Participant: 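One structure is given below, represented as structure tokens, and several questions about it will come after.
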Amino acid sequence: MNQSMINSAVTMGQVQQKLNTIGHNLANANTTGYKQRDTSFADLLFQQVNNQPNVAREIGRQTPNGIRVGAGGAVVQTAVRFQQGAIQETGRQLDVALTEPGYFFELSPTETGERRFTRDGAFYLSPNPNAPGENNLVNSEGEFVLAADGNPISIPGGFEEFTITDNGTIQIALPDGTFQDVAQLQLVNITKPQLLVNLGDNNFTFPNLDELGFGIDDVLEESAGTGVFQQSALEGSNVDLSKEMTNMLEAQRFYQFNSQAISITDQMMGLVSNLR
């Protein structure tokens with residue numbers, strides 16, 4: 001009986017992680033560029049009990065012989081799904097959507113030098129402290145958006161119009177009626193997205209690739225100039241609300257099932273204790 005309670009308690013703790021993941025997906029259903037997360041389960045170790053020495057009595061049995069006494073289930077993976085989200089028109093010139101899956105913008109590196117990538121194309125202009133009269137293109141957290149040459153994008157002030165072409169070229173219209181190409185957005189095609197690690201705020205990076213036996217060229221391709229940009233639009237979350245609600249109800253029922261198993265086991269132990 002104690003084993004039954006332990007199995008149920010362990011499984012309830014793991015199911016709670018699934019519920020947390022579903023809640024995180026639902027909370028970010030309207031977050032630009034958010035990617036859905038799925039939780040996978042596996043059985044923990046189990047013990048095989050061969051309690052039937054008479055094989056003749058097992059003839060016709062549809063299940064494996066003996067009894068398997070397990071230790072519950074456990075979360076083995078929380079995977080990010082990088083399917084394309086819906087493109088939403090915003091009418092804002094600094095918004096850019098990527099129209100194909102697998103491609104990412106590149107942001108300034110982390111403090112430890114790790115490259116960062118994002119699908120969130122809601123950009124802003126921030127004054128460039130090193131060049132008065134110019135502005136840097138940044139994300140909502142103030143992190144620099146990189147150009148194809150690997151440097152932060154700096155845009156002269158006083159322009160009349162701001163345009164981003166379908167190949168990522170940033171073009172401004174000057175007051176004298178001329179046009180100037182300022183920079184080209186850096187674009188990378190992540191060929192092994194399963195190795196990406198979430199940094200929060202819709203940013204991703206790769207861990208120490210040397211320990212995994214990969215080089216940077218094994219996991220991404222530089223793709224500047226590829227026609228996958230759409231100005232004045234953003235990629236929405238790829239969370240399927242109906243699927244997430246269904247998963248949440250299933251997880252809640254599974255949680256309740258294990259909770260009821262603990263309650264029944266407790267009642268059985270009470271009956272045994274009261275035997276005279």
Side-chain angles (χ1 to χ4, degrees), residues 28 30-35 82-110 114-191 199-205 220-238:
N28 287 279
N30 295 320
T31 300
T32 302
Y34 176 80
K35 297 305 174 186
F82 288 97
Q83 287 84 355
Q84 179 75 23
I87 303 298
Q88 304 167 350
E89 297 282 349
T90 64
R92 181 173 175 270
Q93 291 184 346
L94 290 176
D95 289 341
V96 191
L98 296 174
T99 58
E100 296 291 338
Y103 292 97
F104 289 77
F105 301 104
E106 184 165 1
L107 303 174
S108 53
T110 64
E114 295 175 326
R115 297 175 68 173
R116 286 187 295 181
F117 312 97
T118 186
R119 294 274 301 185
D120 186 354
F123 299 141
Y124 303 87
L125 294 178
S126 176
N128 186 346
N130 300 320
E134 295 191 1
N135 298 288
N136 288 124
L137 191 66
V138 299
N139 68 357
S140 59
E141 301 298 321
E143 298 155 337
F144 298 128
V145 180
L146 299 187
D149 60 6
N151 295 316
I153 296 174
S154 185
I155 301 172
F159 58 84
E160 298 290 336
E161 188 176 352
F162 181 93
T163 304
I164 300 176
T165 65
D166 62 355
N167 69 352
T169 299
I170 298 175
Q171 187 181 78
I172 59 174
L174 301 176
D176 60 5
T178 60
F179 295 87
Q180 178 183 346
D181 289 344
V182 176
Q184 187 173 49
L185 285 166
Q186 171 68 301
L187 183 71
V188 295
N189 180 20
I190 305 295
T191 56
L199 293 174
D201 299 320
N202 271 341
N203 297 337
F204 297 89
T205 188
L220 63 82
E221 298 173 350
E222 307 287 349
S223 302
T226 305
V228 297
F229 298 90
Q230 181 176 339
Q231 188 181 16
S232 302
L234 291 173
E235 180 193 10
S237 165
N238 67 350

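The structure displayed is predicted, hence computed values, not measured ones. Note that the numbering runs from 1 along the sequence shown for the chain.
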Participant: Whether Arg116 engages the ring of Phe144 as a cation-pi pair (distance to the six-membered ring centre under 6.0 angstrom, angle to the ring normal within 45°) should be assessed.
Facilitator: no

Participant: Do Val188 and Glu222 come within less than 4.5 Å of each other through their side chains, counting heavy atoms only?
Facilitator: yes

Participant: Kindly compute the distance separating CD1 (Ile170) from CD (Gln180), expressed to the nearest 0.5 Å.
Facilitator: 11.5 Å

Participant: Apply ring pair (Phe, Tyr, Trp, His ring centres under 6.0 Å) to Tyr34 and list each qualifying residue two or more places apart in sequence or on a separate chain.
Facilitator: His24

Participant: Could you walk me through whether Asp201 and Asn139 satisfy the side-chain contact (heavy atoms from CB on, under 4.5 Å) test, starting with their C-alpha distance in whole Å, then the side-chain angles of each, then the deciding distance to 0.1 Å, before giving a yes or no?
Facilitator: CA-CA 10 Å; Asp201 299 320; Asn139 68 357; over 6 Å; no

Participant: Measure the shortest side-chain to side-chain distance between Ile190 and Phe204 over non-hydrogen atoms and say whether it is less than 4.5 angstrom.
Facilitator: no

Participant: Taking the side chain as C-beta and beyond, is there a heavy-atom pair between Asn238 and Gln84 under 4.5 Å?
Facilitator: no

Participant: On a heavy-atom basis, which atom in Glu143 and which in Asn203 lie closest, and how many Å separate them?
Facilitator: OE1-ND2, 3.3 Å

Participant: Can you name the one residue among Glu235, Glu106, Glu100 that meets salt bridge (Lys or Arg N to Asp or Glu O under 4.0 Å) with Arg119?
Facilitator: Glu235

Participant: Carefully, step by step, assess Leu137 and Leu94 under the rule side-chain contact (heavy atoms from CB on, under 4.5 Å).
Facilitator: CA-CA 9 Å; Leu137 191 66; Leu94 290 176; 4.1 Å; yes

Participant: When rounded to the nearest 0.5 angstrom, what is the spacing between CG in Asp166 and OG1 in Thr226?
Facilitator: 10.5 Å

Participant: Return the CD to OG1 distance between Gln171 and Thr163, rounded to the nearest 0.5 Å.
Facilitator: 6.0 Å

Participant: If every non-hydrogen atom of Thr191 is compared with every non-hydrogen atom of Leu220, which pair is closest and at what distance?
Facilitator: OG1-N, 3.6 Å

Participant: Tell me the closest heavy-atom pair linking Phe229 and Leu185, and the distance in Å.
Facilitator: CE2-CD1, 3.8 Å

Participant: Any idea how Phe117 and Phe104 line up, ring-wise: parallel (<30°), tilted (30 to 60°), or perpendicular (>60°)?
Facilitator: perpendicular

Participant: Rounded to the nearest 0.5 Å, how far does CG of Leu234 lie from CG of Asp95?
Facilitator: 4.0 Å

Participant: Can you give the donor-acceptor pairs under 3.5 Å from side chains of residues 145-155 to other protein atoms, not counting sequence neighbours?
Facilitator:
from: Asp149; atom 1: OD1; to: Asn151; atom 2: N; distance (Å): 3.0
from: Ser154; atom 1: OG; to: Asn128; atom 2: ND2; distance (Å): 3.2
from: Ser154; atom 1: OG; to: Glu134; atom 2: OE1; distance (Å): 2.5

Participant: Could you please spell out the steps behind the side-chain hydrogen bond (donor to acceptor under 3.5 Å, both in side chains) verdict for Asn189 and Ser223?
Facilitator: CA-CA 6 Å; Asn189 180 20; Ser223 302; 4.9 Å; no

Participant: Measuring from Leu199:CG to Thr118:OG1, what's the distance to the nearest 0.5 Å?
Facilitator: 10.0 Å

Participant: Between the main-chain N or O of Thr32 and the side-chain N or O of Ser237, is there a donor-acceptor pair closer than 3.5 Å?
Facilitator: no

Participant: If you take all heavy atoms of Leu98 and Ile87, which pair is closest and at what distance?
Facilitator: O-CD1, 3.9 Å

Participant: Testing the basics here: between Phe179 and Ala173, what is the closest heavy-atom pair and its distance to 0.1 Å?
Facilitator: CE2-CB, 3.6 Å

Participant: Whether the side chain of Gln231 engages the backbone of Gln93 through a donor-acceptor N/O pair (distance < 3.5 Å, no angle test) should be reported.
Facilitator: yes

Participant: Restricting to non-hydrogen atoms, name the atom on Ser140 and the atom on Tyr124 that form the minimum distance, rounded to 0.1 Å.
Facilitator: CA-CE1, 3.8 Å

Participant: Hey, could you give me the CZ/CG distance between Phe159 and Leu125, rounded to the nearest 0.5 Å?
Facilitator: 5.0 Å

